[in-house]
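Notes follow once the structure below has been shown.
Just so it is clear, the model here is predicted, and its values are computed rather than measured. Throughout, protein chains are lettered first and strands after them, A, B, ... in sequence-line order, and every chain is numbered starting at 1.
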Amino acid sequence: MSRLVSSLNPQQHQAVTLPRESALILAGAGSGKTRVLTTRIAYLVESGQVSPGGILAVTFTNKAAREMLTRLSAMLPINTRGMWVGTFHGLCNRLLRTHFRDADLPQLFQILDSGDQQSLIKRLAKAQGLDEEKYPPRQLQNFINNAKEAGLRANAVEAGDEFTRRMMQFYADYDAQCNREGVVDFAELMLRTFETLARNLNLLQHYQNRFRFILVDEFQDTNKLQYKWIKLLAGTNGCVFAVGDDDQSIYRFRGAEVGNMNEFVRDFGIREVIKLEQNYRSQGNILDAANAIIAQNKARLGKNLWTDEGKGEPLRIYAAANDNEEAAFIVDEVRQLHREGMALSDMALLYRSNAQSRVLEHSLFRAKIAYKVYGGLRFFERQEIKHAMAYLRLAANPDDDTAFSRVVNFPPRGIGARSIEQLQEASEQGMGSLMHVAKNGVVGGRSGSSIAQFIAIIEGLRKSAETLRLSELIEEILERSNLRQFYAAEKDGQDRLENLNELINAAALFADDYEHGLEPAGESQADVEQLEGTPEQQLLAAFLSHASLEAGEREAAAGQDALQLMTIHSAKGLEFSGVFISGLEEGLFPHDNSMLEDGGIEEERRLMYVAITRARKRLYLSYAGSRMLHGQPRYGIVSRFVEEIPPALCKWIVLPEKQFDTGRQSAFGGGWGNRNNNGGGWSSGGGRAPGPDKDRYPTPVKRESFEKARPDEHPFAIGQNVRHAKFGEGVVINFEGRGLDARIQVRFASDGTKWLALQYAKLTPA
DNA sequence: TGTACTTAAGTTTTT
DNA sequence: CTTAAGTACA
């Protein structure tokens with residue numbers, strides 16, 4: 001016992017050893033959050049307060065769940081089998097599989113991923129003759145998911161206007177269709193579980209009694225429904241250990257409600273909020289910068305990170321003339337750090353939006369620096385894998401229309417759009433699923449026989465599914481469907497073939513784990529209802545769930561030492577010795593779109609906070625005076641977030657060969673160091689803010705660029721910094737018209753982008 | 001049915 | 001610029 005808690009700091013210790021009462025742990029970045037969570041579980045089990053079966057620990061990602069399990073098995077001598085540790089959706093899946101009858105689901109219900117969901121919506125919208133212009137599938141999907149994530153069924157959605165009423169109707173039809181097919185989408189997993197428990201008192205009490213301790217990771221990311229779900233399971237006597245960080249709440253756009261933290265304090269009568277503020281990751285200057293930035297936010301619970309490890313190096317800031325130069329700078333610094341012994345894999349290059357990776361990749365590629373981009377397609381999202389899985393889904397559930405539509409004519413077997421339409425029409429007239437009407441011979445002629453062929457393939461697979469091993473079944477799918485032959489004949493099909501073979505491999509591995517009880521779908525005897533069906537069916541269902549719920553890493557091929565490229569969002573939770581935050585320009589980061597939303601800037605600022613706190617030792621911030629965006633140059637000024645960092649923590653990098661002149665500040669680089677001419681001070685500090693050391697780093701002007709950018713007929717240059725009497729400072733980004741009609745477009749630091757009539761606008765060079 | 005061209009749009013993402 | 005999705009045509 002003492003072994004577990006002896007090396008914890010006082011706050012961690014307090015959190016881990018709390019008596020049985022609900023608590024909120026405000027865990028700052030790098031404060032040992034996962035450690036506290038897992039040690040708490042180990043402590044509870046080891047001190048005999050609960051048996052493993054009484055633990056429910058819930059996370060958002062499979063990765064986090066795996067990490068927790070790995071750490072737990074290292075801490076506890078006993079096996080972790082009886083514990084319920086998983087993602088919200090994984091745990092819901094587990095509950096629904098066990099209680100499929102109470103949930104009104106077929107035993108082998110399928111899970112639709114976002115792509116599947118969208119194709120179902122498209123199919124349905126088309127069948128209803130819904131105007132795609134007025135009701136874009138994407139919007140319908142959002143409407144449905146938002147409603148479900150708020151815990152609302154179609155009949156509960158308030159519809160004030162005709163438009164909403166129509167979407168509500170569609171939502172109802174969509175749900176009906178899902179029920180007919182026996183499929184559930186992600187949000188449905190949560191909502192259905194919630195409803196099943198809420199309406200079945202026996203079941204609810206069983207689980208409320210069972211889960212003596214509920215632990216929630218990344219609590220700030222929970223949506224309304226997830227919070228309701230937690231409350232329901234906790235009941236009146238529950239004990240919820242919620243760990244989160246409001247300052248790292250960056251997922252509002254997908255339904256996360258930071259407000260749940262305050263709700264939680266109120267609903268559960270939390271007496272004390274424990275703050276973990278000691279940081280074990282970053283050096284002092286980095287933490288000071290993070291603290292200073294996040295302090296600008298008003299809506300906070302309040303927290304300040306500290307370390308006893310010393311200040312470390314200053315943050316390095318670089319103002320590039322353009323995106324290419326920014327990339328070149330990063331390449332040089334990465335090289336240098338690598339030479340000094342920092343592993344490439346210990347460095348991250350972060351950006352706000354994926355599109356920014358292109359230029360960076362280009363430079364890295366030319367410089368022959370190994371890099372890895374996160375965020376690509378995942379294994380189970382690949383086209384060829386989805387096709388193979390569709391056959392597998394039909395083997396498990398022939399009424400899965402989404403799977404049917406995907407492969408009825410793939411590989412092409414001469415079933416045209418008209419035939420598929422006929423099937424769909426028949427299906428809508430209440431004649432059952434696509435497979436069902438297909439069997440009834442709705443389509444005649446040559447297509448009819450092709451369809452019969454397809455049915456025969458599926459029927460054969462269904463038979464095989466009863467006897468063959470999973471990997472053998474997939475092997476058979478590849479052969480009988482002609483998928484393998486099809487890709488073998490395609491000119492670029494080689495990779496796809498390899499992936500298909502990998503699928504067989506993955507299935508074999510999965511089956512192995514499953515039989516050894518490593519996969520949670522194999523239920524423990526403690527549960528109310530035993531799983532039914534043959535072992536083969538269970539395994540098949542588990543594998544299909546696995547494919548939907550855990551689509552695989554978004555990581556490129558692993559192994560080699562490589563620089564890590566990713567968006568700031570995907571960097572959350574990770575740490576690196578060296579971190580580059582690129583593209584720190586107004587409009588890009590904070591992103592333009594965020595400025596329209598209420599609280600948008602604060603969310604962007606939290607994103608900046610997350611980015612900064614990824615760094616252990618060295619942190620670079622860079623921005624570019626101009627960058628190509630959508631094929632056009634876009635001129636930017638330095639992000640407000642750079643200005644919010646106390647200048648004393650920063651060192652401005654100016655490359656020797658870039659020192660041209662010490663004249664007035666330019667323009668082109670969006671400020672090259674001194675954005676404000678306040679006597680060398682750099683705006684935010686006031687007083688004796690050091691900013692760039694002028695003796696060593698004269699403020700450069702990049703002449704060539706400056707000259708090129710100045711159209712003769714205008715008094716201002718594109719890229720030039722200007723001052724407006726009312727709007728303050730900004731940068732000229734465009735012109736329109738000539739003479740008295742000429743208008744000038746300026747991106748202001750505080751008021752966004754505006755078009756001004758050149759004749760009237762009182763602009764002065766800044 | 002498949003290929004070639006046009007057109008529009010372009011934050012962030014897990015399950 | 002780049003990509004995805006839709007349209008026109010052989």
Of A:Arg640, A:Arg352, A:Arg252, the residue whose pairing with A:Glu604 passes salt bridge (charged side-chain N to carboxylate O under 4.0 Å, His left out): A:Arg352

Any N/O pairs under 3.5 Å between the protein and nucleotides 7-10 of chain C? List them or say none.
none

Under the side-chain hydrogen bond (donor to acceptor under 3.5 Å, both in side chains) test, residues paired with A:Arg413 that sit two or more places apart: A:Tyr391

Residue pair A:Arg97 / A:Ser545, side-chain donor-acceptor N/O under 3.5 Å: yes

Interatomic distance where CG belongs to A:Leu350 and C1' belongs to B:dT11 [whole Å]: 15 Å

Pairing residues for A:Arg406 by the side-chain hydrogen bond (donor to acceptor under 3.5 Å, both in side chains) criterion, not counting sequence neighbours: none

d(OH, A:Tyr374; C1', B:dT11) in whole Å: 21 Å

Set of side-chain hydrogen bond (donor to acceptor under 3.5 Å, both in side chains) partners for A:Thr567, sequence neighbours left out: A:Ser570

A:Glu421 CD - B:dT1 C1' separation (whole Å): 15 Å

Residues that A:Ile385 engages under side chain to side chain contact (heavy atoms under 4.5 Å, CB included), provided they are two or more places apart: A:Phe379, A:Phe380, A:Arg382, A:Met389, A:Asn499, A:Leu500, A:Leu503

For A:Arg66, salt bridge (charged side-chain N to carboxylate O under 4.0 Å, His left out) partners two or more places apart: A:Glu550, A:Glu553

Strand-adjacent residues in residues 221-230 of chain A, judged by heavy atoms under 4.0 Å from DNA chain B: none

Minimal non-hydrogen separation, A:Val243 against A:Ala27, with atom names: CG1-CB, 3.9 Å

Member of A:Tyr623, A:Tyr371, A:Tyr620 meeting the ring pair (Phe, Tyr, Trp, His ring centres under 6.0 Å) criterion with A:Phe580: A:Tyr620

Whether A:His630 stacks on the six-membered ring of B:dA9 base, 5.5 Å and 30° limits: no

Span that lies between the C1' atom of B:dT14 and that of C:dT3, in whole angstrom: 24 Å

Test item: side-chain donor near acceptor, A:Gln422 and A:Ser419, under 3.5 Å: no

Within 45° cone of A:Tyr251 ring axis and under 6.0 Å: A:Arg254 NZ or CZ: yes

For atom CG of A:Leu629 and atom P of B:dT11, their distance in whole Å: 8 Å

C:dA5 versus B:dT12 - spacing of their P atoms, nearest Å: 16 Å

For atom CD of A:Glu585 and atom P of B:dT11, their distance in whole Å: 15 Å

Partners passing side chain to side chain contact (heavy atoms under 4.5 Å, CB included) against A:Gln139 (at least two apart in sequence or in another chain): A:Pro136, A:Phe163, A:Met167

side-chain hydrogen bond (donor to acceptor under 3.5 Å, both in side chains) partners of A:Gln117, counting only residues at least two apart: A:Gln141, A:Asn145, A:Tyr174, A:Asp185

Distance in angstrom units between A:Met595 CE and B:dT11 C1', rounded: 12 Å

Sugar-phosphate only, base, or nothing, as touched by A:Leu112 at under 4.0 Å among non-hydrogen atoms: nothing

Nucleotides 2-7 of chain B: protein proximity per nucleotide (B base, S sugar-phosphate only, - neither; heavy atom, under 4.0 Å): S-----

Step-by-step side chain to side chain donor-acceptor pair (under 3.5 Å) determination, A:Tyr609 to A:Gln248: CA-CA 7 Å; A:Tyr609 176 78; A:Gln248 291 189 73; 5.8 Å; no

Consecutive-pair stems (3 or more, Watson-Crick or G-U, under 3.5 Å) for DNA chain B: B:1-10 with C:1-10

Provide a list of protein-nucleic acid N or O atom pairs under 3.5 angstrom, restricted to nucleotides 12-15 of chain B.
from	atom 1	to	atom 2	distance (Å)
B:dT12	OP1	A:Asn354	N	2.6
B:dT12	OP1	A:Asn354	ND2	3.0
B:dT12	O4'	A:Arg352	NH2	3.0
B:dT12	O2	A:Arg352	NH2	2.7
B:dT13	OP1	A:Thr567	OG1	2.7
B:dT13	OP2	A:Asn354	ND2	3.4
B:dT14	OP2	A:Arg554	NE	2.6
B:dT14	OP2	A:Arg554	NH2	3.2
B:dT14	O4'	A:Arg254	NH1	3.2
B:dT15	OP1	A:Asn62	N	2.6
B:dT15	OP1	A:Asn62	ND2	3.2
B:dT15	OP2	A:Arg378	NH2	2.8
B:dT15	O4	A:Ser114	OG	2.7

Geometric cation-pi criterion, A:Arg627 with A:Tyr635: 6.0 Å, 45°: no

A:Arg300 bridged to A:Glu602 by N-O distance under 4.0 Å: no

Interatomic distance at P, C:dA4 relative to B:dT13, whole Å: 16 Å

Plane angle bin for A:Phe264 and A:Phe219 - parallel if under 30°, tilted between 30 and 60°, otherwise perpendicular: tilted

Rounded distance in Å - CD (A:Glu132) to P (C:dA5): 12 Å

